[in-house]
Enquirer: 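Let me begin by handing over the structure; questions about it come next.
Letters go in sequence order (proteins before strands), and every chain restarts at 1. The structure presented is a predicted model; accordingly, all values stated were derived computationally and were not measured.
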There are 2 protein chains.
Amino acid sequence: MAALLNERKEQILKAVVINYVITAEPVGSRTVSRSHRMGLSSATIRNEMADLEEQGFLVQPHTSAGRIPTQLGYRYYVDNLMDLSDLSDDDELALSNSLSTEKMREIEQIINNSARVLSSATNQTSLIMGPQFRKSAFHHLRILPLDEKRGLVVLITDTGFIKNKVIDMQQQLSQAELHQVVSYLNQKLYGLTIDQVTTSLINELKRDLFKRLEILEQAFILLEESLKEEKQIRVFLGGTTNILNQPEFKDVDKIRRMLNLFEQEPLLFKILEDTSSEDNIVVRIGAENEHADIQECTLITGTYKIHDKTLGTVGVLGPTRMDYGHVIGVMRRLVNYLNKSLSS
Amino acid sequence: MAALLNERKEQILKAVVINYVITAEPVGSRTVSRSHRMGLSSATIRNEMADLEEQGFLVQPHTSAGRIPTQLGYRYYVDNLMDLSDLSDDDELALSNSLSTEKMREIEQIINNSARVLSSATNQTSLIMGPQFRKSAFHHLRILPLDEKRGLVVLITDTGFIKNKVIDMQQQLSQAELHQVVSYLNQKLYGLTIDQVTTSLINELKRDLFKRLEILEQAFILLEESLKEEKQIRVFLGGTTNILNQPEFKDVDKIRRMLNLFEQEPLLFKILEDTSSEDNIVVRIGAENEHADIQECTLITGTYKIHDKTLGTVGVLGPTRMDYGHVIGVMRRLVNYLNKSLSS
DNA sequence: TTTAGCACTCTATGCCTCAGAGTGCTAAAT
DNA sequence: ATTTAGCACTCTGAGGCATAGAGTGCTAAA
């Protein structure tokens, strides 16, 4: 960690960041000296800024331009200088309105709404990772016969996740047989997380059950299949077009790269998962992100929980020039709402 | 319908369209006379082109430029001149591979895959409307109790559509009571399309049932709710970034408008539904589209069916400068595959 | 009816200039 | 020892201008 700056340098750095976030233009010494009434002439500021540049907090796009913050500059700002802005009343209202638990029983809907709210309150793109099915605990399983040849498997987890899948049943099963198998499975699997339902466990059960009821090969294959399939998780996006409003994305090529990224759910998932610090809000600025395509961006993430168990991650993605205080404020609030909503 | 052109004019129009589709540059008389070896000098072509312009099939972007087709020109081309290209072997392979029915029991997956294939084979954005739940016929309904206070309603249609929803049950119901209600409902609703399950019908049933079993207010509200909710349908997109490859979309503002459109499912749904001619493939060029935001685009749509019953619509959206023959060829093929896959 | 030839038009490109913004340095002021 | 005023210097971006190139329309000859 670089040494701390003296207060005057801090004030100047802060002024540059704030100004640059608003205008997207390099900030000159004159502007700082004027707008932030710190009673110093532009010449003095110039000297300080030269220092800040030497220490790596600021850069000039070219010799005769103002300064813009480096990633290090943003980092310092976030760690030491940032004011957490609270929500505006409008935002507050919009948030609580669209997340009122009233009409939203389905978790998908809550998540989707959250993505919308988050993106519109921050003017950035938002990503939300749904509950991680495979980390939920098995609650119970049902098989509904649909007709002679098909059945519907319904899998329910402790977090209220419901997964269903139509299966073919080669051999016809009587109600009684079916019931027998299902209740055996329920008994054995209860309380395990989906992650723990490994192939080997399934095989074991299969052997077990095989002795008692030979017909059920098929049912197991299906259970396996339905679990495998869930390896990748849905990531919900909101406000993907917001990124087009940022002047740093006026280049069609950059836009293409970002949108391409947005189309690849597994990648998004990986990006979000990498940041999960299990606790609180994480800010990744520029190259602090692993994925190459977002190294000009900042990703801010938080996690939401149900009864203290981490369910998923919410994120905001935008250019490094972003209103950190505001975004973090909004995200705090959103995570709180989510935690409350989901725990009831 | 405008009068038909003589053969020479047709050849020239065709040459201009084909050339322009490839190069995206205005086509000059010299180019036509050379590349399409029709044994005429550029001067002659020039005269004919002037005629074609007067008749509204071609335009010049400026006085000293080549010509590009107007919407009328494209229309004439599609109606009278177009060669339907068959698929390349590669495309063919990709198509049959990714749509092999093997691993895809879920309809969502089939649709999703189709969207991907369609967009990558055409290099355009594809839109696919999933099966219209509300036009499916009611098959049967189950209610699974989850715990004391919650149940899972499962609704199954004749087209294999499965819709489930968790409901709260204020009053506890015994298994027997539940069973009674459910079987009554099944009997009454069987065979109706979801559209036909109107609020008034539900009310009627409610009265009916009320006499016999007072507790079930709640269950009905839930059925109603779950139906209402399905009014809007999912539209699956593929290759949204393809649109960025088109030179006509190098303007960030246009891009924003398109992407914005893509984010609004209900609008997309409306656009797709408007074109449903119930039969065969429909081409809407430019202003032939109702929606203002796609009047510089061409939308080509087709419908897929299961047992002769129209399920949904697939579409390809791109600039009016598009390889009509190829897109239509691919779409034909895809629709055939879909029809076959779904009917088995 | 077709074509060669030519004058004309329009765009896109590169080059130049110049104003404006902002800097760094030096010397004076506090 | 700081701070500030003043000044020369640098770099960008916008505007103006000339030019090459592509393509046309028209006229007159084939």
Side-chain angles (χ1 to χ4, degrees), chain A residues 5-13 15-20 22-70 73 247-248 250-252, chain B residues 5-13 15-20 22-70 73 247-248 250-252:
Chain A
L5 299 170
N6 66 41
E7 188 172 329
R8 200 165 74 181
K9 285 210 173 60
E10 285 195 339
Q11 283 218 327
I12 292 173
L13 176 56
V16 171
V17 170
I18 290 177
N19 222 290
Y20 183 63
I22 295 171
T23 64
E25 299 284 320
V27 184
S29 54
R30 195 181 161 72
T31 314
V32 174
S33 116
R34 278 246 196 97
S35 66
H36 292 264
R37 64 181 69 142
M38 48 185 72
L40 290 173
S41 77
S42 63
T44 312
I45 309 278
R46 263 205 293 289
N47 288 327
E48 296 286 33
M49 281 168 99
D51 288 355
L52 282 169
E53 176 158 9
E54 211 163 305
Q55 294 170 74
F57 296 102
L58 297 177
V59 271
Q60 287 179 290
H62 56 266
T63 333
S64 73
R67 259 86 174 190
I68 63 181
T70 60
E248 26 273 277
K250 64 183 196 301
D251 175 21
V252 180
Chain B
L5 299 170
N6 66 42
E7 188 173 329
R8 199 164 77 182
K9 285 209 173 61
E10 285 194 339
Q11 283 217 328
I12 292 173
L13 175 57
V16 171
V17 170
I18 290 176
N19 221 290
Y20 183 62
I22 295 170
T23 64
E25 298 284 320
V27 183
S29 54
R30 196 180 159 75
T31 314
V32 174
S33 117
R34 276 245 196 98
S35 66
H36 293 265
R37 65 180 69 140
M38 48 185 75
L40 290 173
S41 78
S42 63
T44 312
I45 309 276
R46 263 205 294 289
N47 287 328
E48 296 285 35
M49 281 168 100
D51 287 356
L52 281 168
E53 176 159 10
E54 212 163 303
Q55 292 170 76
F57 295 102
L58 297 176
V59 269
Q60 287 179 290
H62 57 265
T63 333
S64 72
R67 259 85 174 191
I68 63 181
T70 60
E248 26 273 276
K250 63 182 197 305
D251 176 21
V252 180

Enquirer: CG of B/L52 versus P of D/dG25: gap in Å, rounded?
Expert: 12 Å
Enquirer: Quick check for you: among D/dA5, D/dG25, C/dA4, whose closest atom lies nearest to any side-chain atom of A/S41?
Expert: D/dA5
Enquirer: Whole-Å distance between C/dG24 C1' and A/E53 CD?
Expert: 12 Å
Enquirer: By nearest nucleotide on DNA chain C, pick out whichever of B/E48 and A/M49 is the more 5' one.
Expert: B/E48
Enquirer: Keeping B/E48 on the side-chain end and B/K9 on the backbone end, is there a donor-acceptor pair under 3.5 Å?
Expert: no
Enquirer: Across nucleotides 6-15 of chain C, 5' to 3', mark each nucleotide with B, S or - according to how protein heavy atoms within less than 4.0 Å reach it.
Expert: ---BBS----
Enquirer: To check you understand the geometry: which heavy-atom pair defines the closest contact between A/V17 and A/P69, and what is its length?
Expert: CG2-CG, 3.8 Å
Enquirer: Which heavy atom in B/R67 sits nearest to a heavy atom in B/L58, and how many Å separate them?
Expert: CG-CB, 3.7 Å
Enquirer: For C/dT3, take OP1 and OP2 only and decide whether either is under 4.0 Å from a side-chain N or O of B/T44.
Expert: yes
Enquirer: Quick one: which of D/dT24, C/dG24, D/dT4 gets closest to the side chain of A/Q60?
Expert: C/dG24
Enquirer: In whole angstrom, give the distance that lies between atom CG of B/N47 and atom P of C/dA4.
Expert: 13 Å
Enquirer: What is the distance, rounded to the nearest whole Å, between atom CG of B/N19 and atom P of D/dA22?
Expert: 15 Å
Enquirer: Can you see which heavy atom on B/V32 is nearest to which on B/A15, and at what distance?
Expert: CG1-CB, 4.0 Å
Enquirer: Let me know the distance between CD of A/E25 and C1' of C/dG20, rounded to the nearest Å.
Expert: 13 Å
Enquirer: Check the distance between C/dG22's P and A/L58's CG and give it to me in whole angstrom.
Expert: 15 Å
Enquirer: Would you indicate, yes or no, if C/dG24 has its OP1 or OP2 atom less than 4.0 angstrom from a side-chain nitrogen or oxygen of A/R67?
Expert: yes
Enquirer: Which pair of heavy atoms, one from B/V27 and one from B/Y20, lies closest together, and at what distance?
Expert: CG2-N, 3.8 Å
Enquirer: Restricting to non-hydrogen atoms, name the atom on B/S35 and the atom on B/N19 that form the minimum distance, rounded to 0.1 Å.
Expert: OG-ND2, 3.8 Å
Enquirer: Please map the stems of DNA chain D, keeping only stretches of three or more Watson-Crick or G-U wobble pairs with both distances under 3.5 angstrom.
Expert: C:1-30 with D:1-30
Enquirer: Name the atoms and distances for all side-chain donor-acceptor pairs under 3.5 Å in residues 38-45 of chain A, with sequence neighbours left out.
Expert:
from: A/S41; atom 1: OG; to: A/A43; atom 2: N; distance (Å): 3.3
from: A/S41; atom 1: OG; to: A/T44; atom 2: N; distance (Å): 3.4
from: A/S41; atom 1: OG; to: A/T44; atom 2: OG1; distance (Å): 3.3

Enquirer: With heavy atoms under 4.0 Å as the rule, sort B/S42 into base, sugar-phosphate or nothing.
Expert: nothing
Enquirer: Could you check how far CZ of A/R8 sits from C1' of D/dT2, rounded to whole Å?
Expert: 8 Å
Enquirer: Over all heavy atoms of both residues, which pair between B/P26 and B/I68 is shortest? Give the atoms and the distance, please.
Expert: CA-CG2, 3.6 Å
Enquirer: Quick one: on DNA chain D, does B/G66 or B/A43 contact a more 5' nucleotide (nearest heavy atom)?
Expert: B/G66
Enquirer: Is it true that a side-chain atom of A/Q60 and a backbone atom of A/A65 form a donor plus acceptor pair closer than 3.5 Å?
Expert: yes
